[in-house]
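The structure appears below as structure tokens.
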Amino acid sequence: MLKQRHDIKSQTLASLRQHLQEAGYPDYAARQVFNWVYKKREESFFSMTNLSRSLRHYLKDNFYFSSLRLVKERQSRDGSVKFLFALEDKTYIESVLIPEGKRNTVCLSSQVGCRFGCRFCASGLLGFKRNLTPAEIVNQCLYVSDWLKRREAKLTNVVFMGIGEPFDNYGNVIKALRIILEPQGMYIGKRKVVISTCGLAPAIKAFAAENIGVGLSISLHAAKDSLRNIIMPVNKIYPLSELFSAVRLFNRRCKYSLTFEYIMISNFNISKEDVLRLKKMVKGLNYKINLIPYNPVSSFNWQPPSSGEIFRFCRWLKEEGVFFTLRRPRGQDIEGACGQLRLRQKQGKI
Ligand code: SAH
């Protein structure tokens, strides 16, 4: 019978070390393998020349390298690049590279599709297929990092803001995070990584206890339950009071980087009342709000805010002392909003 092989890029340094130790190899072997895979970017065990012959054979018999197949690459006029990938089971995910000055950020997908059906987001429209493995998450990062290297640039930041809900694939996302952060591996700085969630309160609490050191971003988008229920059905399971008790816990335990994402939708969530509610909700927290104009998705009827509406909302926030930054929408001409490119692939439009 053929032995079941493991995807090498789904292994954290700790799990690979344990595996190799149990097979009788020294403590440093896993570190050497990590170095080959992530620093030297070697994807053939036989070319890992400082490993013993026996270890190379053992690795080949027990592990394999998965890869992503690029289906489409689109570059936006503003410099962001969107990659559509096919996975081994012929499902599709996308990653986006967002260059900003010296910073190169990759936006990663965590699932094929999404279960949460936010009423402004293209990702949920095609339903949920499956969770990504740690390697499928890590592979997106590696692909973009290699792409940048060929252009003499470096991947500096990672955000989990692509397709899927990272906390709905908690175990695999945490493993991928550990691989991405690993000094013997990709070694992206902790403070340069952000996980974004639609607000799964129990997972936020678990994540706070994990204390990995990466930033947390909450997709808030509305400041009262009756509005949030309309655009984010998950709010009916974890309403704002529950979400904020988890967020407060996170903020007490992990003093760094808490962000709220707030999509501005015309005539919906940008009134003076919304500002006052927001002010009350974030009181006492160490936070920043990212304001993003709604990026139109054709299946939904929402309108992006006019520049007058944006200006007014920002002025009110300022007057009330609420901290925010206004984000330029990126990649609009390449369907940069979460899940849009994958949606077109399914509709046969690309
Ligand atoms: N499920 C996670 C991560 C994916 S969404 C989460 O909810 O946070 C990543 C970000 O893209 C979220 O803040 C989401 O609200 C935003 N987004 C999705 N569709 C958008 C659209 N049409 N316009 C602007 N931002 C959008």
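In this text the structure is predicted, and so the values were computed from the model without any measurement. Atom set for the values below is all heavy atoms of this structure, side chains included, hydrogens, waters and symmetry mates excluded. Remember, it's 1-based here, ligands and their atoms both numbered in the order they're listed.
- Ring geometry for Y287 against F323 counts as tilted: the plane angle lies between 30° and 60°, on a 0 to 90° scale.
- Within the structure, ligand 1 lacks S110 among the residues with a heavy atom less than 4.0 angstrom away.
- Only side-chain heavy atoms of V297 come within less than 4.0 Å of ligand 1; its backbone N, CA, C and O stay farther off.
- Counting atoms of ligand 1 from 1 in the listed order, those under 4.0 Å from a heavy atom of G162 are 4 (C).
- Between atom 25 (N) of ligand 1 and the options I265, V194, I263, N295, the minimum heavy-atom separation is to I263.
- Comparing P166, S123, S219, C121 against atom 13 (O) of ligand 1, the shortest heavy-atom distance belongs to S219.
- Distances from ligand 1 to the non-hydrogen atoms of G164 include at least one value under 4.0 Å.
- If you check the side chains of W316 and D274, you find no donor sitting under 3.5 Å from an acceptor.
- Both tests hold for R115 against F128: distance to the six-membered ring centre under 6.0 Å, angle to the ring axis within 45°.
- Checked by atom type and distance alone, the side chain of S80 never pairs as donor or acceptor with a backbone atom of L97 at under 3.5 Å.
- A side chain to side chain contact (heavy atoms under 4.5 Å, CB included) with L132 is found for exactly one of T91, N172, I93, namely I93.
- Counting atoms of ligand 1 from 1 in the listed order, those under 4.0 Å from a heavy atom of C198 are 6 (C), 7 (O), 8 (O).
- Of the listed residues (R178, R253, K205), just one forms a salt bridge (charged side-chain N to carboxylate O under 4.0 Å, His left out) with E210, and that residue is R178.
- Nearest-residue assignment for atom 8 (O) of ligand 1 (options S196, C114, G124; heavy-atom criterion): S196.
- The cluster map of Ile, Leu, Val, Met, Phe, Trp and Tyr, joined by side-chain heavy atoms under 4.5 Å apart, puts Y64 and Y58 in different clusters.
- At a heavy-atom cutoff of 4.0 Å, ligand 1 is contacted by no atom of I218, backbone or side chain.
- Distances from atom 14 (C) of ligand 1 to the heavy atoms of E261, H221, E165, Q111 put H221 nearest.
- Under the 4.0 Å criterion applied to side-chain N and carboxylate O atoms, E136 and K9 are not assigned as salt-bridge partners.
- Heavy atoms of M161 found under 4.0 angstrom from ligand 1 belong to the backbone as well as the side chain.
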